[in-house]
4 protein chains.
Amino acid sequence: MTAATILKETTHVPVVKVGMMKALVYRGPDKKALEDHVRPDLSAPTDAIVRITKTTICGTDLHILKGDVPTCKPGRILGHEGVGVIDQVGSAVTAFKPGDRVLISCITSCGKCEYCRRGMYSHCTTGGWILGNEIDGTQAEYVRIPHADTSLYPIPKGADEEALVMLSDILPTGFECGVLNGKVAPGSTVAIVGSGPIGLAALLTAQLYSPAEIIMIDLDDNRLEVARKFGATQTINSADGKAADKVMSLTGKRGVDTAIEAVGIPATFELCENIIGPGGTIANIGVHGVKVDLHLDRLWSQNIAITTRLVDAVTTPMLLKTVQSKKIDPTRLITHRFKLDKILDAYETFGNAAKTKALKVIIEA
Amino acid sequence: MTAATILKETTHVPVVKVGMMKALVYRGPDKKALEDHVRPDLSAPTDAIVRITKTTICGTDLHILKGDVPTCKPGRILGHEGVGVIDQVGSAVTAFKPGDRVLISCITSCGKCEYCRRGMYSHCTTGGWILGNEIDGTQAEYVRIPHADTSLYPIPKGADEEALVMLSDILPTGFECGVLNGKVAPGSTVAIVGSGPIGLAALLTAQLYSPAEIIMIDLDDNRLEVARKFGATQTINSADGKAADKVMSLTGKRGVDTAIEAVGIPATFELCENIIGPGGTIANIGVHGVKVDLHLDRLWSQNIAITTRLVDAVTTPMLLKTVQSKKIDPTRLITHRFKLDKILDAYETFGNAAKTKALKVIIEA
Amino acid sequence: MTAATILKETTHVPVVKVGMMKALVYRGPDKKALEDHVRPDLSAPTDAIVRITKTTICGTDLHILKGDVPTCKPGRILGHEGVGVIDQVGSAVTAFKPGDRVLISCITSCGKCEYCRRGMYSHCTTGGWILGNEIDGTQAEYVRIPHADTSLYPIPKGADEEALVMLSDILPTGFECGVLNGKVAPGSTVAIVGSGPIGLAALLTAQLYSPAEIIMIDLDDNRLEVARKFGATQTINSADGKAADKVMSLTGKRGVDTAIEAVGIPATFELCENIIGPGGTIANIGVHGVKVDLHLDRLWSQNIAITTRLVDAVTTPMLLKTVQSKKIDPTRLITHRFKLDKILDAYETFGNAAKTKALKVIIEA
Amino acid sequence: MTAATILKETTHVPVVKVGMMKALVYRGPDKKALEDHVRPDLSAPTDAIVRITKTTICGTDLHILKGDVPTCKPGRILGHEGVGVIDQVGSAVTAFKPGDRVLISCITSCGKCEYCRRGMYSHCTTGGWILGNEIDGTQAEYVRIPHADTSLYPIPKGADEEALVMLSDILPTGFECGVLNGKVAPGSTVAIVGSGPIGLAALLTAQLYSPAEIIMIDLDDNRLEVARKFGATQTINSADGKAADKVMSLTGKRGVDTAIEAVGIPATFELCENIIGPGGTIANIGVHGVKVDLHLDRLWSQNIAITTRLVDAVTTPMLLKTVQSKKIDPTRLITHRFKLDKILDAYETFGNAAKTKALKVIIEA
């Protein structure tokens with residue numbers, strides 16, 4: 001980096017650089033702390049250092065804190081979502097320069113390996129979901145982003161940066177794993193099982209394809225109420241165990257064209273099996289901890305597809321266009337806002353969503 | 001039918017018509033008989049009566065005989081495959097006339113309902129797989145074919161009719177459920193679990209798309225030997241329980257692009273789960289009697305698809321072209337030939353395939 | 001038809017049947033007349049007779065009146081759009097019965113031929129666009145519909161029948177030839193050249209896929225004003241010959257992803273060639289009377305596609321769902337209403353659209 | 001590059017490095033020379049220097065020599081095909097190291113820009129077809145390859161390197177622009193207009209999809225003879241102006257499913273327009289110098305697609321697998337071999353193909 005670019009950088013970030021920063025650190029199951037941490041450095045010519053301006057917390061972060069994600073070791077800075085400003089770039093980074101405002105993809109992709117070339121960034125041989133998992137993440141003042149040219153997106157002038165934080169992970173996840181994999185189409189009938197943030201992201205993005213019906217299923221009436229506001233045409237509280245019957249009744253016994261599983265437990269997957277119509281698709285988004293029963297004795301002849309996907313975040317540029325053209329408004333998912341030094345409160349709020357009605361929380365660095 | 005057409009018909013079938021025929025009748029679990037049976041009549045203006053010239057036995061017929069197919073009641077004439085000659089047509093049949101040689105699709109389709117219009121003939125609301133199941137079938141001298149215009153295909157002059165018997169069911173099944181659903185593509189790596197007739201049909205038709213590798217897996221060395229002759233690039237006898245390891249080793253630990261399940265039991269489906277690579281497809285052909293374990297705890301992030309399908313036989317005209325142009329030779333599946341009055345011997349031979357090495361048997365009426 | 005069904009019919013149509021009806025008859029170039037005409041009869045077991053309740057006039061009808069459509073001979077009753085009530089059905093019709101309210105597709109399809117099975121109803125070997133062209137059409141009190149089961153659609157209870165008249169032709173045409181062929185997608189940039197009824201139908205249905213930008217181009221400011229109300233994000237009056245420059249400027253010199261040609265003359269097709277971006281699609285809807293210049297010297301390397309299509313009306317059931325679920329409102333295309341006995345006024349109004357601002361006119365029989 | 005890697009390199013290339021090399025240089029229309037030229041150096045961290053072992057001449061090189069390619073300036077080293085050995089790599093190159101044997105893609109791609117991410121490498125904003133055009137090419141002892149990680153492919157052990165030279169350009173061009181764009185499918189009917197090297201490459205790769213018929217059309221009986229050996233099922237010499245009639249006759253007046261234009265002049269494109277069947281695709285490969293007539297007055301209603309494409313070479317890895325698994329043998333295209341110091345003879349031979357019967361010539365460096 002030349003003196004000129006340092007100078008330019010400085011004008012964007014007029015804080016004294018002391019080499020330390022605040023960061024939310026995973027300290028083993030059920031333990032986390034907001035700590036002073038050394039700021040990251042460039043370690044490859046394709047790296048960039050991004051100063052975080054806004055980040056958020058994902059359901060996956062809660063999974064890590066439960067000890068469910070063995071690849072994430074104690075000492076790791078959490079977080080894989082956010083927007084920020086380029087602080088430094090390696091010598092091989094050509095798409096960004098210090099001072100550029102950027103959206104951070106939850107998925108790091110080299111753009112070169114066999115999987116990246118197929119658009120399967122999630123399985124990049126030197127990337128994938130590593131941020132806040134195998135390498136330090138975004139719940140901090142600074143983060144190192146490997147393969148910066150293909151893992152960051154420029155933020156258009158005038159864009160609402162809070163909206164864009166939703167494009168790091170939750171919107172592409174709902175869209176790619178649920179809507180695209182589920183082949184949602186104009187006039188089709190969709191059921192979404194799970195009306196949490198990820199189910200709602202699927203609900204918002206499903207409407208880009210104008211299905212005729214979107215049936216939202218959950219145990220929580222508050223979340224179903226939110227779903228109705230977000231565009232669900234029908235809502236079903238599944239607490240009485242009759243959700244499948246109700247869906248079959250709503251669809252004239254045909255079943256749905258697309259069933260999106262947005263919870264991740266055997267019961268919700270099985271509900272999808274019970275409501276899918278001939279020729280339909282069950283699109284799994286949920287992160288499952290145990291196996292499920294697949295009723296091939298009934299489904300072998302039903303011409304269905306079941307899909308799984310770790311988000312590739314390959315649609316982020318496209319979703320950015322739909323946000324910029326106001327086809328979807330992802331800020332509707334944002335319920336709470338915190339400063340970085342109150343991130344422990346943010347976790348408390350996000351972790352008690354049933355009580356706090358939290359969907360996504362914005363954390364400002 | 002006018003006198004003229006009767007006359008014409010007569011020149012084709014110079015037998016005395018006494019209104020009775022020979023037929024293989026299901027008489028309840030483990031019981032079947034070659035009986036004298038009343039010949040079928042037209043019952044709707046869209047029906048045709050076909051005089052069978054050649055038919056065959058399907059693995060599904062054995063399932064029926066075990067009592068596994070509750071829709072098939074005792075008294076039913078079995079069989080859903082075959083070629084023959086049009087004997088009579090209803091008033092609304094426009095595509096065929098008496099004397100025409102025809103290929104019978106195992107799937108009856110009206111061509112009008114929502115499913116037929118989507119090409120999902122298997123779920124035709126007034127058809128589907130009904131022949132030799134819900135209505136009398138083809139293992140007889142005559143058969144009534146509903147929706148004749150859309151359930152029969154004209155046989156081109158000079159075609160090998162034995163080859164075409166393979167187009168009633170087994171070839172479209174291997175091709176549609178295995179190859180098309182499995183997205184077999186030039187250069188791809190395919191594993192087929194099960195080297196019986198249906199797995200071999202998938203093997204033959206997979207080669208229409210020039211995959212780089214086709215790995216065939218079975219417990220029977222004889223069938224694997226056949227598979228090698230039919231074009232498998234690798235064969236694995238799975239008796240030692242190490243098939244998954246071997247496949248992973250053959251694929252540089254990547255797994256296969258397509259895994260075709262052609263058996264129908266939990267162990268073989270699970271093998272498919274263990275060898276499928278990221279982004280791959282498990283295409284189920286097997287008729288399953290019980291549920292299987294789906295390891296979503298591992299597969300949720302692997303970007304895979306699992307597909308099921310009852311053959312639609314929608315590709316029959318296309319397969320006919322590939323047979324006529326000698327791209328595939330389905331007669332390779334034919335191992336034995338019998339006259340209709342020896343059909344009980346044919347069942348005996350087909351039912352003891354491990355010993356007789358039978359694949360498909362031709363029954364001449 | 002039995003006495004019972006006549007009775008039932010009668011309760012729907014309590015008029016004296018004298019075997020004659022009013023009809024708009026083509027009498028050679030520039031000549032047409034509202035005449036008394038013999039009512040149609042069933043002529044095949046697959047026919048239905050429909051009593052028209054509402055019809056409309058298409059731009060193609062004006063083409064016929066100019067003498068541009070040689071397949072349409074003098075003496076022909078015009079019209080290929082409309083809704084009505086089933087009056088009689090042939091013996092092979094199973095989907096409809098007298099008294100049923102139906103939507104008439106502009107395309108007649110047998111559902112059996114090679115083209116119908118591929119969903120290319122427009123090229124049905126015994127159908128296609130024949131209504132009001134090769135056989136008598138819908139601008140009359142009664143019409144005979146061949147292949148009734150596959151050429152009519154049931155009208156759902158409570159549906160707005162005026163809206164459905166738009167589903168006979170104009171909406172599927174804009175959607176299939178423009179939007180589907182043009183691969184309109186979420187976030188994409190679309191230009192529609194021609195803001196007449198068909199361009200506006202493309203505009204309405206393009207929004208089912210949530211493109212980011214829809215640029216509408218026409219010579220008539222009034223029609224562009226309508227386009228803005230219908231959802232165009234940009235409008236360009238091309239009178240100054242600078243439309244291509246303006247589109248390139250609006251797209252950052254990239255060109256559009258989809259250019260829909262909805263006029264049918266060389267100049268408008270050439271405009272599409274000048275604004276299409278690399279990897280884009282020019283979807284032709286216009287009915288062309290002369291050849292156009294294709295600039296392959298520039299376009300050979302641009303990875304584009306050019307598509308043509310006579311509407312197949314294969315998406316009519318799907319569009320019906322989007323109308324029923326209020327995703328699109330086709331009644332916005334309706335500007336004028338007439339009784340059948342004033343159909344000559346309707347032609348006058350529709351034929352002078354620049355002055356009358358007519359888009360689609362409803363004719364009530 | 002460290003001393004160690006230099007040493008390793010040296011063992012592969014045991015020649016004295018004097019900084020100069022032989023190269024074929026374009027000197028303006030109709031002028032070329034084999035010259036001593038300075039060896040290329042790394043100029044970006046993503047560059048590699050490749051020592052050429054085998055290259056070839058493309059029809060496009062002849063176009064350049066006619067002065068038809070204004071982007072190629074005098075002084076340019078020609079050639080965009082070849083295989084070689086990595087000599088040096090920039091600091092950001094991670095996929096290759098000195099000594100690696102590599103296949104050079106004719107298309108340079110950054111892997112990062114919007115077009116590369118869509119798989120449209122041909123329109124890479126900092127690459128595309130630049131080799132031997134906007135930057136120095138491969139008809140030399142050494143070449144600089146920008147974006148090396150995404151523009152080179154590793155050569156598998158034991159591969160036939162002459163075969164792989166055909167994967168730089170001609171095979172992917174025939175396959176992507178002709179076969180893939182043309183949607184060649186099992187059982188379909190294909191016509192290829194032009195039986196030169198590129199038409200023959202389309203013929204070879206079309207067979208990966210098992211079409212039923214491939215009709216080859218050319219003016220040169222020798223080339224048609226070659227086509228028959230390569231798998232054409234029919235050949236037509238179009239000298240008598242009756243090629244269209246013959247194709248229509250061969251296809252029962254239906255026309256072909258795919259017409260591949262592999263010449264690049266108005267007459268051959270028009271022939272494609274005359275033989276394409278309803279629902280078919282005209283896939284243009286030819287490099288056109290002037291506009292063509294598009295008969296939309298006839299084709300507007302024929303549901304056809306016309307596609308253009310500059311090869312993206314995005315299928316090179318897949319084609320490599322089909323070559324390695326012996327599904328296609330591209331060495332059949334190679335007719336002559338020369339040493340680099342005889343490259344002027346090679347041009348002479350390749351430029352007089354009608355006389356020399358040359359298809360592709362191998363030039364060994």
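Chain letters run A, B, ... following the sequence lines, proteins first and then strands; every chain starts at 1.
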- Item | Most contacts with chain B, counted as non-hydrogen pairs under 4.5 angstrom, among Ala185(D), Ser188(D), Pro186(D) | Pro186(D)
- Distance from Gln324(D) atom CD to Glu213(B) atom CD, nearest 0.5 Å? 10.5 Å
- Task: Sort Pro317(D) into side chain, backbone, both or neither according to what part of it lies under 4.5 angstrom from a heavy atom of chain B.
- Result: neither
- Message: With a sphere of 6.0 Å drawn around CZ of Arg332(B), does it hold more than 12 non-hydrogen atoms of other residues, nucleotides or ligands?
- Response: yes
- Query: For Leu208(D) and Ser210(B), which heavy atoms make the closest approach, and how far apart are they?
  - Reply: O-OG, 2.7 Å
- Decide if atom CZ of Arg118(D) counts as having more than 12 heavy atoms of other residues, nucleotides or ligands within a radius under 6.0 Å. yes
